[in-house]
Amino acid sequence: MAARDTWQRGQRCGWPLARAKLPILRWLPHYSLAWLQSDLMAGLTVGLTVVPQALAYAEVAGLPLQYGLYSSFMGCFVYCFLGTAKDVTLGPTAIMSLLVSSYAFHQPVYAILLTFLSGSIQLAMGLLHLGFLLDFISCPVIKGFTSAASITISFNQVKNILGLQGIPRQFFLQVYETLRRIGETRAGDTVLGLACLAALAGLRVMKSHLPRAACVEPLAARVSHLIVWTSATARNALVVLFAGLVAYSFQVMGSQPLTLTGSIPQGLPPFQLPHFSMATPNGTIPFQTMVEDMGVGLAVVPLMGLLETVAIAKAFASQNDYRIDPNQELLAMGFANILGSFVSSYPITGSFGRTAVNAQSGVCTPAGGLITGTLVLLSLAYLTSLFYYIPKAALAAVIISAMVPMFDAGIFRRLWRVKRLDLVPLCVTFLLCFWEVQYGIVAGVLVSGILLLYSIARPAVKVSEGDVLLVQPGSSLHFPAIECLRDTVCSYALTAASPPRSIILDCCHISSIDYTVVVGLRELLQELHKHGLSLAFCSLQEPVLQVLLSADLEGFQHFSSREEAELCRGAEAGARGEAPSTSSSESLLLPEGLTQ
C-alpha cells in the first residue's frame, strides 16, 4: 500500500520538463528494496508467460519463431524509461501478429521495416499531440475486430492441433481445406493439443477461484497458496514445458508422433538498421515498392498498436488510481518500435493478458519490465536449443487459450438493447475481417464516420407549439445541418401551423456555428419576412452571439431567455389582433433511422 501511495504521489506532482519527458525520473529517486522484491517477482512471472507466447505469436505472424523472441525485450526496456503506467508491458500480441501476417507477407524484411515505419508514425503523432485521432475508432469497430480476430486466430491454430500441413492462411480457404483433409489428422498432435487446452482452462479456472491469502494464516498455508498462484499464473510456461518433456521422451525412445517446432537460431539478434530494400531471386524490391505493398497497413498497424496500448494503460491506471499521459504513451510506443526494428522486432503493442499478470503479481514500477526483458535475452542466448522439442500443438493451445476470452458474444445483445444502430459498424467490421483484416477495419471506421456525419447533418429538433413556435435544435449547428433546420422551421411555420405563427429559435444547446450556417439563417429570415413572420433568437451563448452580431443579419433579434422571448412575441401577437392558440403540443423530430 505504501509503495502504491508513493507511486500515486509521484504521478500527481508537477514535474520539470525533463521529468515530464523521462517518466523514470518520477519514481527512481524513491525506489526501495520492497519495490525491488515486488518488481522482481512480477518480472519473472511475466517473463515465464511471454517466452512461450512469443514463440506462438510468431507463428500467427507467419514469421520464423525466433522473431517472436526478438520482439519481446526491447519494448520492456524502453517502456521502463518512457512509460507512464506501472502495469503495462509491451511486446508481441495476437492482434498485432494477425495484422503483421496481413501486411508483411510472411517476410521478415517487410515485418521489420513495418516496425520502423510504424514507430516513426507513432513518434510523430506523440510529438504533434495527435492522440485524439484514436477517438475516431469507435467501440463497436474495436469489438467487431477483436471478436473476428479471436475466431480467425483460433481457427488458424486448429491445423496445428490436428497436425495438418500446407493449410492456406486465408480464412475461408482455411476452413474448406481443414474440413476436406480432416481424415489426415495426426492422433498424437490432437491428443496432446486437447490435453494442453484442458490443462490451461483448468489452471485459469483455478486462479479465478483462488482466495486471497491472509497474513494471519500459517506459513505452510501461505507457501501453498503462493505455489498454486504461481503455477496458475505461469500456466503457459508449465504446459509448454510439460509438452516439451513428452516430446523429448518420445524422441529418446526412437519414435515421434508429434510435430515439433524445430531448430531456432541461438543467440541475440544483430543490432543494425532495418533493410530499406529486399533482395529476391528476380531482383531487388526498392523501398518505394515495399511501402506501396504495405499500403493501408502503414495506417492500420500504428493506430491499432496505439489504441491497444492506450486503452490498456487507461484501464489499469483507473483501476489502481494513478494517471497516465496519452501523448507520452505515444512517444514510448514510437521509440519502442523504432529501436525494436534495430533488433529485428516486428511491431509490438501493449498486451492486456501480460499486463493483467503484471498487475496481479504486485508490480510497483515499470522496472519489472527490465526483469522480463532480461529473461527473454537469456532465453535467446542459452535456451533456444531446448525449444526444438516444443510441439506445435502445445503452442497452438497457448494461442487458443489466450484468444477465446477475447470473443465478446455479449456485445451484440448489449448494443441491441442500448443502441441498435451501433450494430451496423460492429457487424460490418466483424464480417469483413473474415475476408481481409484491413477491409474490416477500414469499412467499420467509414461506417462509423458516416453515422457520425449523418447525426451532425440531421440533428434532433424539438418543436413546441403555442402562441409562438418554439424551435430548439438538440446540438450545435454545422454547415450540413442548416438545410435540415430551415426545412423544419418552414414546414411548421408556413404549412403545419394554423394560423401561421412567428418563431423563437432556442439556441441553448448551440455552442458554435460556421459561416454556411450564418448564410442559411439570413435566407431563413428573408423567407419568413416575405410571409409576414419573424424569427427571434434566445439563450444565445456568447461566441454564437458575437458571430451573429458580426454578420449584421437584417431583422436579427435576440433575447437573453426563452421566457423573455415568449412574453415579447405574445405581446406582439396580441397587438396584431391574432387569436391566442388554445392548444399546446410538443414534438421531437429525429433524423430518420436514428430513433433507436
ask   = Could you walk me through whether Arg354 and Thr372 pass the side-chain contact (heavy atoms from CB on, under 4.5 Å) check?
value = CA-CA 11 Å; Arg354 294 194 296 274; Thr372 300; over 6 Å; no

ask   = Got a second to check how far Ser231's OG is from Leu226's CG, nearest 0.5 Å?
value = 9.0 Å

query = Taking the inter-plane angle between the rings of Tyr70 and Tyr67 on a 0 to 90° scale, is it parallel (under 30°), tilted (30 to 60°) or perpendicular (over 60°)?
reply = perpendicular

key: Donor-acceptor contact present, side-chain Ser249 to main-chain Leu245, <3.5 Å   = yes

request  = Check whether any side-chain heavy atom of Leu331 lies under 4.5 Å from a side-chain heavy atom of Leu82, and answer yes or no.
outcome  = no

ask   = Any idea how Phe407 and Phe430 line up, ring-wise: parallel (<30°), tilted (30 to 60°), or perpendicular (>60°)?
value = tilted

query = Got a donor-acceptor contact below 3.5 angstrom from the Gln170 side chain to the Leu173 backbone?
reply = yes

Flag side-chain contact, heavy atom, 4.5 Å: Thr259 against Arg186 = yes

Over all atoms of both residues, closest heavy-atom pair of Gly369 and Cys76 = O-CB, 3.1 Å

ask   = Arg204 side chain to Ser401 main-chain N or O, any donor-acceptor pair under 3.5 Å?
value = yes

query = Measuring from Cys139:SG to Ile411:CD1, what's the distance to the nearest 0.5 Å?
reply = 5.0 Å

inquiry  = Quick check against the 3.5 Å criterion: does Arg235 have a side-chain atom that pairs as donor or acceptor with the backbone of Ala232?
reply    = yes

message = Looking at every non-hydrogen atom in both residues, tell me the closest pair between Phe77 and Gly373 and how far apart they are.
response = CZ-C, 3.6 Å

query = Hey, are the side chains of Thr152 and Cys433 touching, using non-hydrogen atoms and a 4.5 Å cut-off?
reply = no

Closest approach of Val141 to Ser448 (non-hydrogen atoms, all atoms of both residues) = CG2-OG, 3.4 Å

ask   = Got a second to check how far Asp293's CG is from Ile285's CD1, nearest 0.5 Å?
value = 6.5 Å

Tyr248 atom OH, over 12 foreign heavy atoms within 6.0 Å = no

ask   = How far apart are the closest heavy atoms of Ala111 and Val100, and which atoms are they?
value = CB-CG1, 4.1 Å

task = Carefully, step by step, assess Thr89 and Tyr79 under the rule side-chain contact (heavy atoms from CB on, under 4.5 Å).
result = CA-CA 8 Å; Thr89 63; Tyr79 196 82; over 6 Å; no

inquiry  = Would you say that Val300 contacts Tyr103 through its side chain, given a criterion of any heavy-atom pair below 4.5 Å between the two side chains?
reply    = yes

task = Considering non-hydrogen atoms only, spot the tightest contact between Ala247 and Gln256 and give its length.
result = O-NE2, 3.0 Å

ask   = Between the side chains of Thr93 and Ser351, is a donor N or O closer than 3.5 angstrom to an acceptor N or O?
value = no

task = Look at atom OH of Tyr176 and say whether more than 12 heavy atoms of other residues, nucleotides or ligands are closer to it than 6.0 Å.
result = no

request  = Measure the CZ-CD1 distance between Phe145 and Ile441 for me, rounded to the nearest 0.5 Å.
outcome  = 4.0 Å

Leu203, Val50, Leu200 screened by side-chain contact (heavy atoms from CB on, under 4.5 Å) with Asn236, the one that passes = Leu200

ask   = Would you say the side-chain atoms of Thr178 pair up with the backbone N or O of Val175, donor to acceptor, closer than 3.5 Å?
value = no

note = On a heavy-atom basis, the closest approach of Gly297 and Leu114 is O-CD1, 4.3 Å

query = What's the spacing between Leu426 CG and Lys143 NZ if we round to 0.5 Å?
reply = 10.0 Å

ask   = Would you say Thr374 and Phe73 make side-chain contact, with heavy atoms under 4.5 Å?
value = no

task = Please determine, by modelled atom types, if Asp39 and Thr365 share a side-chain donor-acceptor pair under 3.5 angstrom.
result = yes

ask   = Roughly how far, to the nearest 0.5 Å, is CG of Leu113 from CE of Met290?
value = 4.5 Å

task = Check step by step if ring-ring contact (aromatic ring centres under 6.0 Å, His included) holds for Phe434 and Phe171.
result = CA-CA 6 Å; Phe434 289 110; Phe171 179 75; 5.0 Å; yes

inquiry  = I'd like to know if the side chain of Gln66 and the backbone of Gln266 have a donor-acceptor N/O pair within less than 3.5 Å.
reply    = no

request  = Check whether any side-chain N or O of Ser341 sits under 3.5 Å from a backbone N or O of Ile338 as a donor-acceptor pair, and report yes or no.
outcome  = yes

Working for side-chain contact (heavy atoms from CB on, under 4.5 Å), residues Met125 and Leu303 = CA-CA 10 Å; Met125 290 179 64; Leu303 285 177; 3.9 Å; yes

inquiry  = Given 3.5 Å as the limit, does a donor-acceptor pair link the side chain of Ser208 with the main chain of Val205, or not?
reply    = yes

message = For a 4.5 angstrom cut-off between non-hydrogen side-chain atoms, does Ile324 reach Glu329?
response = yes

ask   = Between the main-chain N or O of Thr355 and the side-chain N or O of Asp87, is there a donor-acceptor pair closer than 3.5 Å?
value = no

inquiry  = Can you confirm whether Ser344 sits close enough to Pro108 that some side-chain heavy atom of one is under 4.5 Å from a side-chain heavy atom of the other?
reply    = no

task = Give the intermediate values and the outcome of side-chain contact (heavy atoms from CB on, under 4.5 Å) for residues Asn160 and Leu395.
result = CA-CA 9 Å; Asn160 290 327; Leu395 295 180; over 6 Å; no

task = Check Ile112, Thr115, Leu99 against Pro347 for a side-chain contact (heavy atoms from CB on, under 4.5 Å) and give me the one that passes.
result = Thr115

inquiry  = Heavy-atom count check: over 12 atoms from other residues, nucleotides or ligands less than 6.0 Å from Phe335 CZ?
reply    = no

key: Positive for side-chain contact (heavy atoms from CB on, under 4.5 Å) with Met74, one of Val343, Ile348, Asn337   = Val343

key: Student check: side-chain heavy atoms of Leu162 and Ile182 closer than 4.5 Å   = yes

message = Does atom CZ (Phe276) have a neighbourhood of more than 12 heavy atoms from anything else shown, all under 6.0 Å?
response = yes

